[in-house]
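To start, the structure under review is shown below, and the notes come after it.
What you see is a predicted model; the values in this text were computed from it and never measured. Proteins get letters first, then strands, A, B, ... in listed order; numbering begins at 1 in each.
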Protein chains: 2
Amino acid sequence: MGTYSRRNFIEQMGWGLGAAVALPPLAAMAPARAPLGAPRQLNIALCGLGRYANVLKTGLAASQHCRLAGIVTGTPAKAAEWKRAYNIPDKNSYTYQTFDQISANPAIDLVYITLPNGLHKEYVLRAAKAGKHVIVEKPMAFTEKDCREMIEACQKAGVQLAVGYRLHYDPHHIELKRLGQGKVFGQVRLIEASLGYRLEGISPDDWHLKKALAGGGPLMNLGVYCVQAGRYTLGEEPSAVTAQFGPVTLPQLFKEVEENITWQLYFPSGAVCTSSSTSNCNIDRFFATADEGFFELEPALSYGPFKGRTSQAAFNFPVVNQQAAQLDDIAAHILAKTPLPAHISGEEGRKDMRVIEAIYQAARTGQKVTLA
Amino acid sequence: MGTYSRRNFIEQMGWGLGAAVALPPLAAMAPARAPLGAPRQLNIALCGLGRYANVLKTGLAASQHCRLAGIVTGTPAKAAEWKRAYNIPDKNSYTYQTFDQISANPAIDLVYITLPNGLHKEYVLRAAKAGKHVIVEKPMAFTEKDCREMIEACQKAGVQLAVGYRLHYDPHHIELKRLGQGKVFGQVRLIEASLGYRLEGISPDDWHLKKALAGGGPLMNLGVYCVQAGRYTLGEEPSAVTAQFGPVTLPQLFKEVEENITWQLYFPSGAVCTSSSTSNCNIDRFFATADEGFFELEPALSYGPFKGRTSQAAFNFPVVNQQAAQLDDIAAHILAKTPLPAHISGEEGRKDMRVIEAIYQAARTGQKVTLA
């Protein structure tokens with residue numbers, strides 16, 4: 001509570017006053033930082049050079065412990081461009097056909113899968129089989145069952161599996177957890193968390209509109225952030241779900257997946273989290289009200305920069321490169337051979353997918369779905 | 001669009017530059033102001049001297065065209081107190097037993113009913129029968145059918161019937177209508193509007209907790225503002241409704257009426273309005289996102305003062321006494337013998353009640369309710 005200053009933030013994060021002048025390395029923002037041994041870097045191959053790979057390359061450039069060492073792409077022109085730009089040798093460049101040969105390449109430690117959702121499972125299984133650690137983007141898969149299979153395959157192969165939950169590395173979201181789970185304003189009762197982008201100008205061929213590749217509409221791609229925010233603010237798993245499909249206002253685009261969806265998560269504490277995810281308008285906000293105050297972010301769930309406040313004071317946190325911080329934390333754990341923090345693990349992805357499956361079931365049937 | 005200044009506001013409201021130094025009379029804020037004849041005042045009797053009567057007395061004191069002339073109360077101590085404080089003669093003071101005698105009292109023009117919801121219908125019918133104009137607080141009644149009966153009784157008696165929709169007189173809400181209905185940022189796609197107060201400390205005997213007197217929980221008393229805001233921002237009537245009862249976290253209080261409820265209104269334009277009304281936490285916010293921008297208020301639906309902005313600029317409207325402005329507009333119309341504006345009419349109350357009935361039906365059945 002009280003006011004927010006950069007010094008406060010630094011102190012909250014557990015850094016001493018001596019560090020208050022220069023910000024500590026981004027990796028230090030990891031809530032459960034692993035000790036680093038030798039200053040080795042983790043060599044990462046990006047699998048799928050689409051929109052998010054272009055966001056990640058900035059994060060990779062800013063990271064301390066990761067290095068863009070390889071690529072996997074089906075498009076020769078992209079391969080040429082990335083190899084040139086990042087000085088990637090031919091031997092570290094794969095197609096989807098040659099991908100499995102990565103098992104024989106000691107110059108790649110980890111495969112970061114940024115393929116369309118529908119390919120996540122296959123490539124996690126193939127990366128694990130190749131003996132590589134894996135980061136897979138959210139949503140982890142289409143079903144909880146598939147998530148279990150992916151987790152087991154990685155365990156069996158002795159590789160670590162992470163899900164690309166970048167928001168756990170943003171100080172605004174670390175603060176949501178502290179305020180909510182720490183009951184700083186008492187028990188949180190109601191959360192409103194919504195994320196949407198108007199996709200009017202998107203190509204009708206975009207994979208986000210195809211059921212087989214996306215698995216669903218905005219719930220899969222954006223709603224997962226709302227589900228996450230509810231879960232980590234409360235530190236609980238929902239016990240029941242209701243949901244509603246919204247109208248189709250862009251019928252030329254939304255033939256296979258939902259355009260709009262709203263849902264409500266009911267938590268054992270009695271807290272409710274209501275959300276909208278939409279592809280027909282822009283919305284990006286988070287609000288939590290507790291017995292003795294509220295806290296909110298707007299923008300809240302996008303790439304930021306975020307703006308937030310509590311009922312007492314405005315947030316004043318530094319802007320961080322979420323992707324760099326996420327990558328550095330994962331690298332630190334993998335290099336130190338320590339298990340990844342729970343918040344970025346495959347188990348975390350599985351828990352979200354369990355909720356997302358229940359949301360779809362509730363929207364389809366109109367029935368409240370109970371989660372055992 | 002653009003920036004908001006007090007001068008802008010005054011110009012938007014249609015007042016000349018000459019008025020820009022001193023604010024014009026509050027009654028002038030009525031979107032459809034009736035011409036005033038002689039400077040007569042409307043003599044008002046407050047019926048029910050509870051919490052809201054205590055809010056209204058400030059509005060009455062600030063109004064230009066209304067005068068607190070009488071009271072109706074079942075509590076002798078309250079009668080004595082109000083008579084002394086407002087110089088009300090004995091002949092203008094009624095009990096619920098003597099109320100009908102008001103028909104013979106030319107010193108009372110209008111009865112303002114601030115009784116518990118469950119008594120609204122009876123007292124509107126009795127006031128109309130007594131030949132008095134009526135203002136009834138929201139929610140107007142328990143059912144659309146009762147609203148129709150009340151409207152017809154007033155028409156038959158030749159008296160005007162208003163519902164206490166104070167927010168239509170607040171410049172922030174007049175602006176919501178202009179931005180939404182005027183499509184200033186294009187078509188509105190999604191509205192989030194929620195209002196709640198934590199009632200933990202309330203007496204278990206409070207009428208708000210009794211089904212017979214309240215008709216329902218927070219949907220009746222607070223949700224009506226969210227329904228209103230959705231309807232007047234869009235200028236449309238919803239064509240379908242889904243709704244969900246939330247958990248009971250204060251079982252010692254919520255034995256008869258809902259403690260929490262969420263709902264979604266679907267409008268013919270394709271816009272969706274999602275809302276929560278709750279009695280277990282504080283929430284007071286409005287957000288609308290349209291094709292080319294957003295606009296929001298927080299606080300939004302309470303007595304204010306409100307704070308708002310669009311995606312382009314912060315609102316900068318004067319704080320007004322909503323009740324005084326509402327009373328003056330109603331008085332202006334009644335004194336001029338012109339029909340009340342639609343936004344404050346019994347018809348407006350009926351339209352809200354139609355939606356509220358559908359919300360309860362949807363929450364009870366779990367089914368989407370279509371409004372013909």
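A side chain to side chain contact (heavy atoms under 4.5 Å, CB included) with A:H168 is found for exactly one of A:H173, A:K177, A:Q322, namely A:K177. B:H172 pairs in a ring-ring contact (aromatic ring centres under 6.0 Å, His included) with only one of the listed residues (B:F317, B:F295, B:Y4), which is B:F317.
Using a 4.5 Å cut-off between heavy atoms, A:E200 does not touch chain B at all. For B:E296, the part sitting under 4.5 Å from any heavy atom of chain A is the side chain, from C-beta outward, and nothing else.
Ranked by non-hydrogen atom pairs under 4.5 Å with chain A, the options B:T249, B:T242, B:T274, B:I283 are led by B:I283. Among the candidates B:R285, B:Q264, B:Q367, B:K368, the residue making the largest number of heavy-atom pairs closer than 4.5 Å to chain A is B:R285. The candidate with the highest count of non-hydrogen atom pairs below 4.5 Å against chain A, out of B:T278, B:L190, B:V188, B:V272, is B:L190.
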### Query
Does the pair A:S269 and A:E236 meet the rule for a side chain to side chain donor-acceptor pair (under 3.5 Å), with working shown?
CA-CA 8 Å; A:S269 63; A:E236 289 182 277; 2.6 Å; yes
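Counting heavy atoms from C-beta outward, A:E357 and A:T143 have side chains that approach closer than 4.5 Å.
The backbone N or O of B:N282 lies less than 3.5 Å from a partner atom in the side chain of A:T289, making a donor-acceptor pair.
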